[in-house]
Amino acid sequence: MTKAHVNKLDDQNLSALLDGEEFLTDQEIAAKESATLGRYALIGDVMRAESENDFVLDISDSVAKALESEPVYADFSQKQDTESTAVASDNVIAFNWRKPLAQLAIAASVAMFAIVGVQTLPQDDNSPMNEIPMLQSTPLTGVASPVSYSSEPALENAEKGFRELQQQRIGALVLEHQRQARVAYSLEKAQTKAQAEEEKK
Amino acid sequence: MKFITLILSLALMAPAYSSDEKSAKELLLNMAEAVHNRNFDASFVVVKGKSMEPYRWLHAKQGETELEHLSLLNGAGLEIIRIDNQVTYFEPQSAPYSIATDSIAGPIPEVLFKNIERLNQEYDFVLGGKGRIAGRPAQLVRIESKDEYKFNYWLWIDAESSLILKSAYVNHNGDMLEQLQLTHISVTEEPAPLLLEMLNKEFPTPLPSDAIAKNTDNLASNNWQIGWLPDGFSLLKSDRHKLDLNNELTDYYLYSDGFVEVSVFVQRPLPGRRPSGALSSGATTIYVHNAGSFDVSVVGNIPAATAKTIAESVARPL
């Protein structure tokens, strides 16, 4: 047995003693340095959170020292550089000039007008708004189709088909309105110009 | 003495009233000028009921050339680019095309950037209160319809830059149906580099606007009688064409009162039970009317009651 091994074994005894796993014998205590005993006692107290003197680890000095010797990864004093990186990650740049918006589904504005059913509003007062039945609309995405309990599946399917046709039509109408409205202003200007010319004659 | 005071107070009040009216209009004219002359980069959202659309809006004036870019940032998207008198639309599922016009038909009515004097007959311009919008002091200007057949439009204008900060379609109960709100704006001295890049790109050549107006090949104005429209609306075009999305044939009529557009479609009836009814998304109303042997649909930023009356007034010519 080497000396180091003996010491280690003794330490194990001491640790076991402090944890109350072994009984105290005079010989073992006398053989130990008091510093080791004190250190072990402190560890035990801290682990059981019994220590009255708060155990504070002050590493701020060493961190500060370490930071001083760190290399510079980002220099915020060079404003020009950071601005150019901000622009490069801008969401608008994503627009591809040569092949924009290809291969994407129908515009969201069209999908918005899908009809799921017809509901007549209660007519409890006389305002004209309340006499108008509202077709209920929901987005196309994420609509759970209910299980059909109809005893006539053929009729149910036909009804569904008609509804789809109407949905398609309304989507097409809204898109067409949006597109036609784009020429409205120039048409109107051309019209008023023509009128003005006629009045001159 | 009392008489003199009365005259004096009248004399003092009269200009106060007229300057009120004038300054609401002046603010709008200032806004139009600011939108055409400043370099800015803005983001805004359009809230329609439960849905929301975010946009980015850039504008620059490079010498005498105006550059503008409006892009819808969600979904399939939409890109609109204007270089002076040419507006190009990039849309999903169709080839880009250009129109010869000097304003973008986006979520903000075009006339607001133009000559608002032509709205005098149908709308009143009223100065509202002051408030804080998008972090800036703002002045409310209300464009109020003189009858109940159209919506009102409210605008909040930046007190410093005169740029638009918020706007809303408001019904006659005072409910905001569709709101547009700027979330960010930066006004710069220099034009954005992204816009200058546009000058080097090639865009489709637009049809001259006269050609669109004079295109009478498929004139449909005699096919149907549209019995009623609110005062101030006039027919801009009518034709028979196929719809892009479902290839259905339609007789088409486009009306405008200078502020909002209304489309009237007359189509072959759909099979099955076809209930008449309205659909709405924000300020946009779609009224589908089953007239027995034909279907009439009315689309536009108008109240459902107005759309219903228009749709029901459509009849076969005598």
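Every heavy atom of this structure was used, including side-chain atoms; hydrogens, water molecules and symmetry mates were not. Values in this document were obtained by computation on a predicted structure and should not be read as measured data. Here is the naming used below: chain letters follow the sequence lines, and residue numbers restart at 1 for every chain.
Of all the heavy atoms in B/Leu243 and A/Glu176, the pair that sits closest is CD2-CG, 3.6 Å. In this structure, A/Arg179 and B/Asp244 approach most closely via the heavy-atom pair NH1-OD2, 2.6 Å. Contact record, A/Ala181 with B/Ala105: O-CB, 4.4 Å, taken as the closest heavy-atom pair. Among all heavy-atom pairs drawn from B/Ala100 and A/Ser186, the shortest one is O-CB, 3.8 Å. The shortest heavy-atom contact between B/Asn246 and A/Ala172 is OD1-CB, 3.6 Å. Of all non-hydrogen atoms in A/His177 and B/Ser263, the two that sit nearest each other are ND1-OG, 2.7 Å.
Only the side chain of B/Tyr97 comes within contact range of chain A, with heavy atoms under 4.5 Å apart. Heavy atoms of B/Ser94 lying under 4.5 Å from chain A belong exclusively to its side chain. Contacts between B/Tyr255 and chain A at a heavy-atom distance below 4.5 Å are absent for every atom of the residue. B/Val262 touches chain A through its backbone: at least one of N, CA, C or O sits under 4.5 Å from a heavy atom, while the side chain does not.
To the nearest 0.5 Å, the span separating NZ on A/Lys189 from CG on B/Leu236 amounts to 13.5 Å. Once rounded to the nearest 0.5 Å, the distance linking CD1 of A/Ile170 with CZ of B/Phe265 reads 11.0 Å. Atoms NZ and CD, from B/Lys237 and A/Glu188 in turn, are 14.5 Å apart once rounded to the nearest 0.5 Å. In this structure, the separation between CG on A/Leu187 and OG on B/Ser256 is 9.5 Å, given to the nearest 0.5 Å. Atom OG1 of B/Thr250 and atom CZ of A/Arg169 lie 8.0 Å apart (nearest 0.5 Å).
Judged by distance alone, with hydrogens and angles left aside, the side-chain atoms of A/Gln191 form a donor-acceptor pair with the main-chain N or O of B/Leu235 at under 3.5 Å.
Around the CD atom of B/Glu148, the shell of radius 6.0 Å holds more than 12 heavy atoms that belong to other residues, nucleotides or ligands. Enclosure of atom CZ in B/Phe259 by more than 12 non-hydrogen atoms of other residues, nucleotides or ligands within 6.0 angstrom is indicated.
Sorted by first then second residue, the salt bridge (Lys or Arg N to Asp or Glu O under 4.0 Å) pairs that include residues 252-262 of chain B, not counting sequence neighbours, number zero.
Comment: B/Glu110 does not engage A/Arg182 in a salt bridge, judged by the lack of any side-chain N to carboxylate O separation of less than 4.0 angstrom.
At a threshold of 4.5 Å between non-hydrogen side-chain atoms, the residues B/Thr101 and A/Val183 do not count as touching.
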